[in-house]
Amino acid sequence: MNMGERVTFNELLDIVNFIEIPIIQRDYAQGRKDQSEVRNAFLDSLFSALIRDKTYDDQPSLNLDFVYGDIDNTDTLSVLDGQQRLTTLFLLHWFLAVKYNHLTEFKARFTLKGNSRFTYKTRPSSSEFFNALLSNGTIQQRYHALTKFNIYQTTESSKINDYTIDQLIANSTWFFSAWKQDPTVQACLNMLKAIEERFALCNEDLYLRIVDSDNPCITFQFLPLSKFGLSDELYIKMNARGKPLTPFENFKANLQQTIKSFSEELPNYDLAARGGVVNGYEYFIHKIDTDWADLFWTYRTVGDKHDSYDDELMNFIRLIILYQYIIDTKNNDRGCIELRKH
């Protein structure tokens with residue numbers, strides 16, 4: 001049996017351009033609030049592997065078992081097994097880069113063409129979040145400023161600061177409130193908070209440890225799906241998506257595909273978040289999960305068990321369709337009769 005190539009997360013980026021969690025996968029689960037036992041046990045294992053002095057310790061590196069997926073012609077890895085482990089590893093790399101002042105190096109390594117080399121396709125908002133996390137240039141400075149301030153304010157040696165990394169991100173100007181509704185984004189924030197609690201008191205530069213390929217601390221066995229002669233259709237049958245999309249999310253996905261399929265050329269728009277001018281499709285998929293979502297977030301039904309703005313945005317879209325229908329049929333008696341029926 002092919003045991004795969006033993007690599008670190010950092011080395012995987014030498015093999016592929018992008019690591020993508022495809023839409024067939026569920027949302028990120030390890031960071032969910034109800035997964036604290038699994039989360040803490042995994043972080044304990046990662047922490048132990050990183051602080052072990054391999055100069056005097058001949059124990060093998062921590063091996064996280066198999067990671068496999070399909071690599072397309074753009075050298076993008078579509079992850080089919082290993083989603084949870086890879087997401088946690090990415091977040092750990094990011095936090096250690098912030099904590100030990102290596103964010104510039106991290107961004108140079110983990111971004112390509114202005115986008116995060118690790119991303120989710122389960123929801124557009126998840127992809128936007130990972131891009132924003134790597135494009136922000138002040139979070140490292142803000143983190144250290146708050147950490148230093150709170151160290152002087154606290155008398156508890158186990159307490160680093162009152163302002164946790166998840167709060168720092170969520171209160172940033174680039175963070176859209178509507179992202180809090182995205183289960184993957186919320187789980188990432190929970191995981192980053194747990195990572196901070198586990199790693200904050202360690203003064204050794206663990207970022208240099210985790211990216212060290214000569215003496216790797218954490219590895220996994222990478223297996224491209226093509227080596228098995230299998231397609232991702234088989235995996236879809238084996239691994240059902242963990243959480244279904246809401247009716248509005250299904251509508252939004254269909255609308256995005258419809259806009260993308262337009263044969264006529266769409267107008268261009270200036271979009272600072274994407275670094276300049278983008279086409280109508282790119283503009284729509286960005287706005288629907290950021291600025292427009294933030295606008296309708298404030299009108300959601302607070303206390304509703306879904307805590308969602310879906311109905312409000314859907315009603316707005318219905319009104320636009322209705323008004324357009326009225327304009328199109330204002331001189332059409334039959335159209336007015338049909339409208340009255342509804």
Side-chain angles (χ1 to χ4, degrees), residues 8-10 12-13 19 21 28-33 35-36 38-52 62 64 83-111 116-120 126 129-151 158-172 174-175 179 184-212 216-218:
T8 65
F9 189 91
N10 187 46
L12 184 58
L13 296 176
I19 303 167
I21 307 302
Y28 179 45
Q30 250 179 24
R32 292 177 186 166
K33 289 185 177 179
Q35 296 295 310
S36 59
V38 173
R39 176 167 58 250
N40 292 333
F42 187 45
L43 290 180
D44 285 345
S45 297
L46 296 176
F47 182 77
S48 297
L50 286 171
I51 63 171
R52 183 184 303 141
L62 174 65
L64 301 180
Q83 168 197 2
Q84 304 298 322
R85 287 164 287 156
L86 289 178
T87 306
T88 299
L89 282 176
F90 172 82
L91 294 173
L92 179 58
H93 278 72
W94 181 87
F95 175 77
L96 295 180
V98 171
K99 175 175 170 53
Y100 298 107
N101 293 301
H102 293 289
L103 193 56
T104 300
E105 301 148 57
F106 175 84
K107 288 166 67 174
R109 180 62 168 163
F110 282 81
T111 57
S116 170
R117 297 181 68 183
F118 179 86
T119 191
Y120 267 65
S126 302
F129 170 74
F130 283 104
N131 283 337
L133 198 62
L134 270 74
S135 63
N136 180 267
T138 63
I139 197 156
Q140 180 174 271
Q141 181 182 359
R142 290 167 58 216
Y143 174 78
H144 285 283
L146 287 167
T147 300
K148 182 178 180 180
F149 173 78
N150 282 288
I151 285 176
S158 62
K159 187 176 182 183
I160 290 299
N161 59 63
D162 298 317
Y163 206 95
T164 55
I165 188 69
D166 59 311
Q167 294 172 329
L168 184 65
I169 294 170
N171 290 329
S172 297
W174 51 266
F175 186 91
W179 287 351
T184 290
V185 175
Q186 191 59 52
C188 285
L189 294 179
N190 290 336
M191 177 57 83
L192 284 169
K193 181 179 180 181
I195 289 173
E196 180 182 34
E197 290 172 352
R198 190 68 186 87
F199 287 81
L201 290 174
C202 183
N203 292 323
E204 286 186 78
D205 192 333
L206 297 185
Y207 180 78
L208 295 180
R209 286 278 185 91
I210 202 171
V211 297
D212 186 354
C217 297
I218 302 166

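Predicted, not measured: the structure shown is a model, and the values here were computed from it. Each residue takes its place number in the sequence, starting with 1.
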Asker: Which residues satisfy the ring pair (Phe, Tyr, Trp, His ring centres under 6.0 Å) test with Y120, sequence neighbours excluded?
Answerer: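 So Y120 forms a ring pair (Phe, Tyr, Trp, His ring centres under 6.0 Å) with F130.
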Asker: Rounded to the nearest 0.5 Å, what's the gap from CZ on F90 to CZ on F9? Could you check?
Answerer: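 The distance works out to 6.5 Å.
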Asker: Which residue pairs satisfy the salt bridge (charged side-chain N to carboxylate O under 4.0 Å, His left out) criterion with at least one member in residues 88-107, sequence neighbours excluded?
Answerer: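 Every candidate salt bridge (charged side-chain N to carboxylate O under 4.0 Å, His left out) pair involving residues 88-107 fails, so no pair, neighbours aside, qualifies.
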Asker: Among all residues two or more places apart in sequence or in another chain, which pass the side chain to side chain contact (heavy atoms under 4.5 Å, CB included) test with N171?
Answerer: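 Once residues adjacent in sequence are excluded, the partners of N171 under the side chain to side chain contact (heavy atoms under 4.5 Å, CB included) criterion are Y163, Q167.
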Asker: Looking only at atom types and distance, does a side-chain atom of R39 sit under 3.5 Å from a main-chain N or O of R32, one as donor and one as acceptor?
Answerer: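 Yes; at least one donor-acceptor contact below 3.5 Å.
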Asker: Got a sec, which residues hit side chain to side chain contact (heavy atoms under 4.5 Å, CB included) with D205, two or more places apart in sequence or on another chain?
Answerer: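 Result, side chain to side chain contact (heavy atoms under 4.5 Å, CB included) vs D205: Y100, H102, Y207, L208.
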Asker: Which residue, N190, L43, D166, forms the side chain to side chain contact (heavy atoms under 4.5 Å, CB included) with I195?
Answerer: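 Filter result, single survivor: L43.
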Asker: Determine whether Y28 and S126 make a side-chain contact, defined as any pair of heavy atoms from C-beta on separated by less than 4.5 Å.
Answerer: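 With C-beta onward as the side chain, the pair stays apart.
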Asker: Partners of N10 by side-chain hydrogen bond (donor to acceptor under 3.5 Å, both in side chains), sequence neighbours excluded?
Answerer: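 Per chain and number, N10 pairs via side-chain hydrogen bond (donor to acceptor under 3.5 Å, both in side chains) with R109.
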Asker: Would you please name every residue forming a side chain to side chain contact (heavy atoms under 4.5 Å, CB included) with T138, sequence neighbours left out?
Answerer: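 Expected list: N136, R142.
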Asker: Report the residues that fulfil side-chain hydrogen bond (donor to acceptor under 3.5 Å, both in side chains) with Q35, sequence neighbours left out, ordered by chain and then residue number.
Answerer: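 By the side-chain hydrogen bond (donor to acceptor under 3.5 Å, both in side chains) rule, Q35 matches no residue at all.
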Asker: Taking side chain to side chain contact (heavy atoms under 4.5 Å, CB included) as the criterion, tell me which of N101, L103, I165 meets it with Y143.
Answerer: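 Single side chain to side chain contact (heavy atoms under 4.5 Å, CB included) partner of Y143 among N101, L103, I165: I165.
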Asker: Any side-chain to backbone donor/acceptor pair from Q83 onto I21? Under 3.5 Å, distance only.
Answerer: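 No, because the side chain of Q83 does not come within donor-acceptor range (under 3.5 Å) of the backbone of I21.
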Asker: Which residues satisfy the side-chain hydrogen bond (donor to acceptor under 3.5 Å, both in side chains) test with T184, sequence neighbours excluded?
Answerer: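 With neighbours one apart ignored, the set is D27.
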Asker: R198: what forms a salt bridge (Lys or Arg N to Asp or Glu O under 4.0 Å) with it, not counting sequence neighbours?
Answerer: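 R198: salt bridge (Lys or Arg N to Asp or Glu O under 4.0 Å) contacts with D44.
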Asker: Checking F42 now: which residues fulfil ring pair (Phe, Tyr, Trp, His ring centres under 6.0 Å) with it, not counting sequence neighbours?
Answerer: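 Expected list: none.
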Asker: Residues in side chain to side chain contact (heavy atoms under 4.5 Å, CB included) with S48, at least two apart?
Answerer: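 Once residues adjacent in sequence are excluded, S48 has no partner under the side chain to side chain contact (heavy atoms under 4.5 Å, CB included) criterion.
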Asker: Using 0.5 Å steps for rounding, measure from the CD1 atom of I218 to the CG atom of L89.
Answerer: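 So the CD1 of I218 and the CG of L89 are separated by 6.0 Å.
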Asker: According to side-chain hydrogen bond (donor to acceptor under 3.5 Å, both in side chains), who are the partners of E204, at least two apart in sequence or on a separate chain?
Answerer: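 Once residues adjacent in sequence are excluded, the partners of E204 under the side-chain hydrogen bond (donor to acceptor under 3.5 Å, both in side chains) criterion are R209.
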